[in-house]
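Keep in mind that the numbers below use all heavy atoms, side chains included, and drop hydrogens, waters and symmetry copies. Remember, predicted model here, so these are calculated numbers, not experimental data.
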Amino acid sequence: MAEVTSMNNCSKDGGAIEAVTKNDCTINGTGKDIIKVTVKKANVKDPEIFSCLLQPASSDSDLDSIGVRRFLLARKAESGVHRRLDWRCNGKGYVAYRNYIRRPRNWENSQIPSYPSTPGNSGQWMLTSSPLSRLSEVESWSSSKDLRSGAVASNHRTSFSSSISDSDRPRGQGVEPAYSFVGMHCIFDQCKSAVTVLKFGHMSSDLLAYGASDGTLTVCNVSDPPTVINQLQGHSKDVTDFDFSSNNQYIASSSADKTVRVWELSKGLCIRVIYGVSPQLCIRFHPVNNNFLSVGNANKEITVFNFSTGRVIAKSIFDSEVTSMDHDHTGHLIFCGDAQGCIYSVTMDSRTGALSRSHRYRSSSKQKFPITTVQYRSFSLLAGGPVLLTCTKDGSLSFFSVALEVQGYLTLRCSLKLTPRIHSIRASFCPLLSLNKGEYIVAGSEDSNVYFYDLTRPKHTCVNKLQGHRFPVLVVAWNHGENFLASADLYGVVIVWKRAKTS
């Protein structure tokens, strides 16, 4: 019987091997018997360590060398666990750790000084245009071929559809400057539940807020250094939606707990609670008259409240639950989507708050899925006027031109079919980027990536891809200056991505 009790003088490749005593492990074996390893002192929980220790021995191997090799493999795996834990404590994720272990040999010569973490367990990321930027968390591709001419689209319908998967990579080799990201600016991961809605403040590049399924509403500042301003607690169920007032003094939030709450950001206090009879699913301040709050609920209606008094001003009944909504820039129109995939145009009197249904767009699909995103934009080169973006739970993106002179009549211009979703994933325009060429949309995905799509391309629609999350990405949002893109996932991690400066 051979018993390995110590290896104080062993060495390999000029490096001393740490001494092993009976307190660490004992390796017993005879001949070709199976090696039995008993760990007496260490409480090992990582499966990598056991996979190293239990590697099969070859028939011609020496028992002592097998024991030494397994011990070294176990220590290597254990040290990797500690290293990953250290990186997590600094607010950095798995992708950064993977890039670190794949670093080039001249890493020390080009290393960038690290910055301390900020409150909220947020790590700051600063990358330059040096060769080190190749280790960025962003793995992006773009197609160098643009199928669209520079001319503005004609008024007739030019819609087409495409069906792709989220993992469909564009085949181009170059990266378009407008979609170049330098990596992660900061990470907020103090929330431990799914982020359901994420928005930047009105006309603000730094103010960010997100609501979660645990009923909390977190307000952050993404400027240097990134900080958590307030965590607003009051809802007992999921925060389904929220909206900033025009001066960013207040936030109005809706929840599955059947209430609407109004928060004063400077004090972090709830100043008003409006009780309903069904889950409140979406909410918007009137863009001109902030005294009006429009709320869609599961009772198949939109209710207009007086912000100051909390009283109901007007109601409008629909065919199904109102799941998402948005105002046009004048406040005369509300566009909303329901649980059956229908999109409505509703006129609103900016003085009295009275509502009147104008048009309804019904999808031709036989299966009906809830609308998760309704987003209005006042101009698009593709449509030559105002446009509307909608996204359904089955992964259908639709792009409409809006006829304001006909009370918001919608005309489908193009659409894109992604893989069906299990979760409710939201999409967003890429506002200024869309004015360059194409019609760009950014959306999360259940494969934990953030994708950019050009709706004008019938093939190879995905033009960029950001990697960094470990779980399905549910919501995305741009800030006012469009130098930051925020994305949030199913386990509460919010990543703020920093765009590269373009001329």
Side-chain angles (χ1 to χ4, degrees), residues 191 193 195-204 206-221 228-299 301-316 321-327 331 334 336 346 348-355 374 426 475 477 480:
C191 182
S193 58
V195 174
T196 54
V197 57
L198 172 75
K199 291 181 183 179
F200 281 93
H202 284 303
M203 307 296 288
S204 173
D206 302 326
L207 185 62
L208 174 68
Y210 56 93
S213 59
D214 61 359
T216 60
L217 191 63
T218 306
V219 184
C220 311
N221 191 320
V228 175
I229 301 174
N230 275 314
Q231 191 168 40
L232 309 175
Q233 298 182 351
H235 289 296
S236 58
K237 293 184 179 180
D238 304 30
V239 175
T240 55
D241 200 5
F242 70 85
D243 197 22
F244 286 92
S245 61
S246 58
N247 58 5
N248 294 326
Q249 269 188 296
Y250 304 98
I251 284 183
S253 59
S254 60
S255 172
D257 65 4
K258 304 180 183 180
T259 66
V260 170
R261 291 179 178 263
V262 180
W263 311 83
E264 187 175 355
L265 292 187
S266 60
K267 299 179 180 179
L269 298 176
C270 177
I271 61 174
R272 186 172 305 283
V273 181
I274 303 173
Y275 295 92
V277 297
S278 63
Q280 310 296 303
L281 303 180
C282 51
I283 190 167
R284 289 293 182 277
F285 275 102
H286 192 280
V288 177
N289 185 351
N290 265 194
N291 203 37
F292 290 157
L293 266 178
S294 302
V295 183
N297 58 42
N299 202 30
E301 60 188 15
I302 288 181
T303 306
V304 180
F305 294 98
N306 186 305
F307 172 79
S308 302
T309 64
R311 294 182 177 179
V312 176
I313 297 175
K315 284 186 180 182
S316 183
E321 300 177 358
V322 180
T323 56
S324 55
M325 64 188 302
D326 200 11
H327 273 283
I334 297 177
C336 59
V346 183
M348 181 177 183
D349 191 315
S350 299
R351 294 177 298 176
T352 65
L355 300 176
V374 173
R426 308 192 187 201
V475 284
H480 174 66

Reported [atom1]-to-[atom2] distance for the pair [X] and [Y], which is rounded to 0.5 angstrom:
X: Asn291; Y: Thr309; atom1: CG; atom2: OG1; value: 7.5 Å
X: Ser316; Y: Ile334; atom1: OG; atom2: CD1; value: 8.5 Å
X: Lys267; Y: Gln249; atom1: NZ; atom2: CD; value: 10.5 Å
X: Leu208; Y: Asn221; atom1: CG; atom2: CG; value: 9.5 Å
X: Ile251; Y: Cys270; atom1: CD1; atom2: SG; value: 11.5 Å
X: Asn297; Y: Ile283; atom1: CG; atom2: CD1; value: 11.0 Å

What are the two closest non-hydrogen atoms of [X] and [Y], and how far apart are they?
X: Gly353; Y: Val304; answer: O-CG2, 3.8 Å
X: Val374; Y: Ser324; answer: CG2-OG, 3.3 Å
X: Gly211; Y: Phe242; answer: N-CE2, 3.8 Å
X: Pro287; Y: His327; answer: CD-CG, 3.6 Å
X: Val239; Y: His235; answer: CG2-CD2, 4.0 Å
X: Cys282; Y: Ser254; answer: N-OG, 3.8 Å

Does a side-chain heavy-atom distance below 4.5 Å link [X] with [Y]?
X: Tyr210; Y: Val197; value: no
X: Ile313; Y: Thr352; value: no
X: Thr240; Y: Pro279; value: no
X: Leu207; Y: Ile229; value: yes
X: Asn230; Y: Leu265; value: no

Donor-acceptor contact present, side-chain [X] to main-chain [Y], <3.5 Å:
X: Asn248; Y: His202; answer: yes
X: Asp214; Y: Thr216; answer: yes
X: Asp243; Y: Phe285; answer: yes
X: Arg284; Y: Met325; answer: yes
X: Arg261; Y: Gly234; answer: yes

Quiz item: Given the rule in the side-chain contact (heavy atoms from CB on, under 4.5 Å) test, do His286 and Ser350 qualify, once you have shown the distances and angles that lead to the verdict?
Solution: CA-CA 8 Å; His286 192 280; Ser350 299; 3.3 Å; yes
Practice problem: Begin with the C-alpha distance, continue with both residues' side-chain angles, and end with the deciding distance and a verdict on side-chain contact (heavy atoms from CB on, under 4.5 Å) for Ile274 and Val295. | Solution: CA-CA 11 Å; Ile274 303 173; Val295 183; over 6 Å; no
Self-check item: Ring centres under 6.0 angstrom apart (Tyr250, Phe307)
Solution: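 For Tyr250 and Phe307, the ring centres are under 6.0 Å apart.
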Quiz item: Does one side chain, of Ser204 or Asp206, offer a donor that lies under 3.5 Å from an acceptor on the other?
Solution: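 No, because no side-chain N or O of Ser204 sits under 3.5 Å from a partner of the opposite role on Asp206.
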Quiz prompt | Evaluation steps, side chain to side chain donor-acceptor pair (under 3.5 Å), between Asn290 and Ser246 | solution = CA-CA 7 Å; Asn290 265 194; Ser246 58; 2.9 Å; yes
Quiz item: Could you go step by step and tell me if Thr303 and Gln280 meet the side-chain contact (heavy atoms from CB on, under 4.5 Å) rule?
Solution: CA-CA 10 Å; Thr303 306; Gln280 310 296 303; 5.8 Å; no
Exercise. Just do the side-chain contact (heavy atoms from CB on, under 4.5 Å) check on Phe292 and Met348 with the steps written out, would you?
Key: CA-CA 11 Å; Phe292 290 157; Met348 181 177 183; 3.8 Å; yes
Exercise. For Lys199, check side chain to side chain donor-acceptor pair (under 3.5 Å) against everything at least two apart and list the hits.
Key: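 Only Asp241 meet the side chain to side chain donor-acceptor pair (under 3.5 Å) criterion with Lys199.
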